[in-house]
Asker: 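Quick one: the structure is below, and I'll ask about it shortly.
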Amino acid sequence: TEAEKYGWSFVLSSFLPNAEELEEAEVDPEAEDWVAVDKAYWRNPEGPGTSYKYRENHPVTHVSHRDAAEYCKWVGKRLPGEREWEAAARAGHYGPQ
């Protein structure tokens with residue numbers, strides 16, 4: 001993945017296991033809740049010493065659009081278009097209920 005290639009990824013600050021990481025982390029002023037964490041990728045979602053094991057039924061993390069497109073190419077599929085994605089995200093619910 002690109003996170004593995006570049007050696008870091010963004011992590012939502014509320015998921016960081018200890019406060020020292022948050023104080024030392026590089027934060028983008030445009031996205032203050034997201035923190036750049038060294039060695040964070042899908043197997044170590046909050047960085048070294050963390051695991052994806054408790055999230056095996058959750059959506060994948062630290063996978064870029066390019067990573068997803070390459071995977072689709074590898075398995076002979078494609079990413080959904082905007083309308084397809086919206087329909088799936090809404091699960092058939094349109095407008096106010």
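The figures that follow rest on heavy atoms only: side chains count, while hydrogens, waters and symmetry mates do not. Bear in mind that the values here come from a model prediction, so they are computed numbers and not experimental data.
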Asker: Is there a side-chain contact between Y41 and R43 (heavy atoms, below 4.5 Å)?
Answerer: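 Side chain of Y41 against side chain of R43, heavy atoms only: contact under 4.5 Å found.
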Asker: Where do H65 and L79 land on the side chain to side chain contact (heavy atoms under 4.5 Å, CB included) test, with the steps shown first?
Answerer: CA-CA 9 Å; H65 184 273; L79 289 171; 3.5 Å; yes
Asker: Taking W34 as the starting point, is it possible to reach Y6 by hopping between hydrophobic residues whose side chains are less than 4.5 Å apart?
Answerer: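 Per the 4.5 Å side-chain linkage, Y6 and W34 are co-clustered.
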Asker: Please round to the nearest 0.5 Å and tell me the distance separating atom OG1 of T61 and atom CG of N44.
Answerer: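 The OG1 atom of T61 sits 10.0 Å away from the CG atom of N44.
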Asker: Output every pair passing salt bridge (charged side-chain N to carboxylate O under 4.0 Å, His left out) with a member in residues 48-64, not counting sequence neighbours, ordered by first then second residue.
Answerer: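 Applying salt bridge (charged side-chain N to carboxylate O under 4.0 Å, His left out) to every pair that reaches into residues 48-64, excluding sequence neighbours, yields E46-R55, K53-E56.
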Asker: Any donor and acceptor pair, going by atom type alone, linking the side chain of D67 with main-chain N or O of E2 inside 3.5 Å?
Answerer: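 Pair found, side chain donor or acceptor close to backbone of E2.
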Asker: How close do A3 and A40 get, counting heavy atoms only, and between which atoms?
Answerer: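 Taking A3 first and A40 second, the nearest heavy atoms are CB-O, 3.7 Å.
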Asker: Given side chains that start at C-beta, do those of V37 and F10 come closer than 4.5 Å, heavy atoms only?
Answerer: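 Counting from C-beta outward, V37 and F10 never come under 4.5 Å.
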Asker: Taking H62 for the side chain and S9 for the main chain, is one N or O donor matched with an acceptor at less than 3.5 Å?
Answerer: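 Absent.
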Asker: Measure across A68 and V63 and return the closest heavy-atom pair with its distance rounded to 0.1 Å.
Answerer: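 Closest approach of A68 to V63, heavy atoms only: N-CG1, 3.9 Å.
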Asker: Evaluate the salt bridge (Lys or Arg N to Asp or Glu O under 4.0 Å) criterion for residues R66 and E70: first the C-alpha distance (whole Å), next the side-chain angles of each, then the deciding distance (0.1 Å), finally the verdict.
Answerer: CA-CA 6 Å; R66 182 174 289 135; E70 287 294 318; over 6 Å; no
Asker: List the atom of V35, the atom of S13, and the distance in Å for their closest heavy-atom pair.
Answerer: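 So the minimum-distance heavy-atom pair works out to CG2-CB, 3.8 Å.
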Asker: Can you name the nearest heavy-atom pair linking W42 to T1, along with the distance?
Answerer: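 Nearest pair, atom of W42 first, then T1: CD1-CG2, 3.9 Å.
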